[in-house]
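Residue numbers start from 1 in every chain, and the chains themselves are labelled A, B, ... in the order their sequence lines are given, proteins ahead of strands.
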Number of protein chains: 2
Amino acid sequence: MTSTTESSNANTRERLMDAAGELFAASGFRDVTVRQICQKAQANIAAVNYHFRDKESLYREVVLSAYRTARERYPLNVGVTDADPPEKRLRAFVRGILGRIFDESNPPWGRLLAREMVDPTHALDGVVEEGMRPQYALLSSIVKQAAGTGLTEAQLARLCEAIVGQVLVYHTCRVVMQKVTPGGAPGREQIDELSDHIVAFSMGAIRAVTAPPGGKR
Amino acid sequence: MTSTTESSNANTRERLMDAAGELFAASGFRDVTVRQICQKAQANIAAVNYHFRDKESLYREVVLSAYRTARERYPLNVGVTDADPPEKRLRAFVRGILGRIFDESNPPWGRLLAREMVDPTHALDGVVEEGMRPQYALLSSIVKQAAGTGLTEAQLARLCEAIVGQVLVYHTCRVVMQKVTPGGAPGREQIDELSDHIVAFSMGAIRAVTAPPGGKR
DNA sequence: CTCCGTGTGAAACAATCGCTTCAAGCGAGT
DNA sequence: ACTCGCTTGAAGCGATTGTTTCACACGGAG
């Protein structure tokens, strides 16, 4: 029921953003018409151009708002401090990102971000500067703590990318995994299992990569 | 020059597919008009509806053709046999996928695939069945060889996903990495470096995950 | 009551889309 | 030379798009 029309007692502006968020995430900027948005929000066609300047401004506000909602709802340091061991900090980080991308409730930030990755608009610029950059710095500090010193900047970047990739693959490749992976693509009910695996995998890899004199090679 | 108009001596059908591939990859199905395609291919507007049934059929043919080109150009087992050690086989696999996603020449398969991941059409179905599934089976066999027996199907899937994620992140997150990562996003000239890192990272992780009685925990 | 700013409603705007139509061009076969 | 099938060209069709316009409803301030 909440998926068809927005609760009509809120003010028009918020109803428009709710409806637009869901539609934009599902079909993208271009494939969504302002008529669809207004119908879903139970508003008049002119409402979009009145409350926002035009369709594109509405989209930008939706994307930024969706990111901020996801960031509030899924912090990346829940239950940990900077003094905790890197493994624990990494688990909190991974759990947070997984929570964000698996949350399909309104507004579905994961889908909006995925679309922005493929078709970047200026809506992404603010999100990157405001969110991605400090978020990457956090992951970088965790990895640095786990790997010890003696890492070049490039090596550090590769390690961070490996972790980010392991997490985001569950969103970007969901369509393919649904068909190819035995058991289908993991869902939000397996966040614990997935984060445990990613942390174990990555910590083992970091130890192996940063301490080569151990085994073979 | 090859980027503006297609060489006009080839037959119209191929020129249309070339132009459409480049445009679809750059802007997506919806944002590309048949008029743009025909102008770039130096063909008449009616040519699309004559040689292909409609815009959508043209798109489907472009996607399938782009995948087959990428598969021919970048095999996943170059220089290796099934008898080779898993590390060598994995490196060939990773190098192949990296080659495909970093190749921006026409048709840019990576971009087309990324768009299909976000907005799946029936064009993806054939590619998945014809390409993704055996490709996943190959990776699965490599991982199984590396990890030894005693893996549940789910554990095996998680390991494969981790490797796929590490590779695809360099395509899906390129826009963000360009701004956030120190040194910018890696390019196709760093394929060797990246595959070495991914293989070392993953092999170390697999050994750590599948042999827990070693260190701590 | 009157006025006026905020917000909404219905209608229409110009532009652009995919697709169709139909005539003409072209080259090979007879 | 003539015809026939394949291909191309120019024009236009109907539908849909984002946006604008303008009249009207409402509700507090003077």
Side-chain angles (χ1 to χ4, degrees), chain A residues 4-65 112 115-116 119-123, chain B residues 4-65 112 115-116 119-123:
Chain A
T4 56
T5 56
E6 309 305 317
S7 60
S8 57
N9 40 0
N11 49 0
T12 305
R13 202 186 138 91
E14 293 184 13
R15 291 206 318 274
L16 282 173
M17 287 195 61
D18 273 8
E22 192 170 331
L23 290 172
F24 281 146
S27 310
F29 177 80
R30 196 62 154 70
D31 279 337
V32 172
T33 70
V34 294
R35 284 172 174 82
Q36 289 176 17
I37 298 174
C38 293
Q39 182 181 358
K40 188 181 186 65
Q42 289 183 322
N44 191 268
I45 322 276
V48 162
N49 302 81
Y50 178 79
H51 289 280
F52 311 85
R53 189 162 46 83
D54 50 15
K55 183 186 175 187
E56 196 176 328
S57 297
L58 166 61
Y59 175 76
R60 271 201 293 268
E61 284 215 38
V62 164
V63 169
L64 191 57
S65 159
L112 289 173
R115 294 186 181 280
E116 279 294 321
D119 264 323
T121 71
H122 290 298
Chain B
T4 56
T5 56
E6 309 304 319
S7 62
S8 57
N9 39 0
N11 49 1
T12 305
R13 202 188 137 89
E14 292 184 13
R15 292 204 319 274
L16 281 174
M17 287 196 62
D18 274 8
E22 193 170 333
L23 290 172
F24 281 146
S27 309
F29 177 80
R30 195 63 152 70
D31 280 336
V32 172
T33 70
V34 293
R35 285 172 173 83
Q36 288 176 17
I37 297 173
C38 292
Q39 182 182 358
K40 188 181 187 65
Q42 290 182 322
N44 191 267
I45 322 276
V48 163
N49 303 83
Y50 178 79
H51 289 280
F52 310 86
R53 190 162 45 84
D54 49 16
K55 184 186 176 187
E56 196 176 326
S57 297
L58 166 61
Y59 176 77
R60 270 201 292 270
E61 284 215 37
V62 164
V63 169
L64 191 57
S65 159
L112 290 173
R115 294 186 179 281
E116 278 294 322
D119 264 324
T121 71
H122 288 298

- Query: Hey, mind stepping through B:Arg115 and A:Asp119 against side chain to side chain contact (heavy atoms under 4.5 Å, CB included) and telling me if it holds?
  - Reply: CA-CA 9 Å; B:Arg115 294 186 179 281; A:Asp119 264 323; 2.7 Å; yes
- Message: Strictly below 4.0 Å: does A:Thr12 bring a side-chain N or O up to OP1 or OP2 of C:dT8?
- Response: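 For C:dT8, OP1 or OP2 has a side-chain N or O of A:Thr12 closer than 4.0 Å.
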- How sharply is the helix from C:dC1-D:dG30 to C:dT30-D:dA1 bent, taking the axes over five pairs at either end and rounding to 10 degrees? 20°
Show each protein N/O and nucleotides 24-26 of chain D N/O combination with a separation under 3.5 Å, one pair to a line.
none

- Message: Among A:Val62, A:Val34, A:Ile37, exactly one meets side-chain contact (heavy atoms from CB on, under 4.5 Å) together with A:Leu16. Which residue is that?
- Response: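 Answer after filtering A:Val62, A:Val34, A:Ile37: A:Ile37.
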- A:Lys40/A:Asp18 salt bridge by N-O under 4.0 Å criterion: no
Quick one: [X] [atom1] to [N] [atom2], roughly how many Å, whole number?
X       : N      : atom1 : atom2 : value
B:Gln39 : D:dA10 : CD    : C1'   : 15 Å
B:His51 : D:dG5  : NE2   : C1'   : 14 Å
B:Tyr50 : D:dA10 : OH    : C1'   : 17 Å
A:Phe52 : D:dG18 : CZ    : P     : 15 Å

- Task: Check A:Ala41 against A:Arg15 and note the closest heavy-atom contact, atom names and distance.
- Result: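 Looks like O-NE, 2.7 Å.
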- Task: Taking side-chain contact (heavy atoms from CB on, under 4.5 Å) as the test, write out the residues that go with B:Asn44, two or more places apart.
- Result: B:Ala46
- Query: Which residues pass the side-chain hydrogen bond (donor to acceptor under 3.5 Å, both in side chains) test with A:Glu61, sequence neighbours left out?
  - Reply: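 By the side-chain hydrogen bond (donor to acceptor under 3.5 Å, both in side chains) rule, A:Glu61 matches A:Arg13.
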- Message: Does the protein touch nucleotides 10-20 of chain C at the base, only the backbone, or not at all? Give it as B, S and - per nucleotide, heavy atoms under 4.0 Å.
- Response: B-B----BBBB
- Donor-acceptor pair, side chain of A:Arg60 and main chain of A:His122, under 3.5 angstrom: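 No: the side chain of A:Arg60 does not pair with the backbone of A:His122.
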- Nearest-0.5 Å distance that lies between atom CZ in A:Phe24 and atom NZ in A:Lys55: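 Between A:Phe24 CZ and A:Lys55 NZ, I get 5.5 Å after rounding to 0.5 Å.
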- Query: Taking atom CG of A:Leu64 and atom CE of A:Met17, what is their separation to the nearest 0.5 Å?
  - Reply: 8.5 Å
Please tabulate, one pair per line, all N/O donor-acceptor pairs under 3.5 Å involving side-chain atoms of residues 25-32 of chain B, not counting sequence neighbours.
from    : atom 1 : to      : atom 2 : distance (Å)
B:Arg30 : NE     : A:Asp31 : OD1    : 2.6
B:Asp31 : OD1    : A:Arg30 : NE     : 2.6

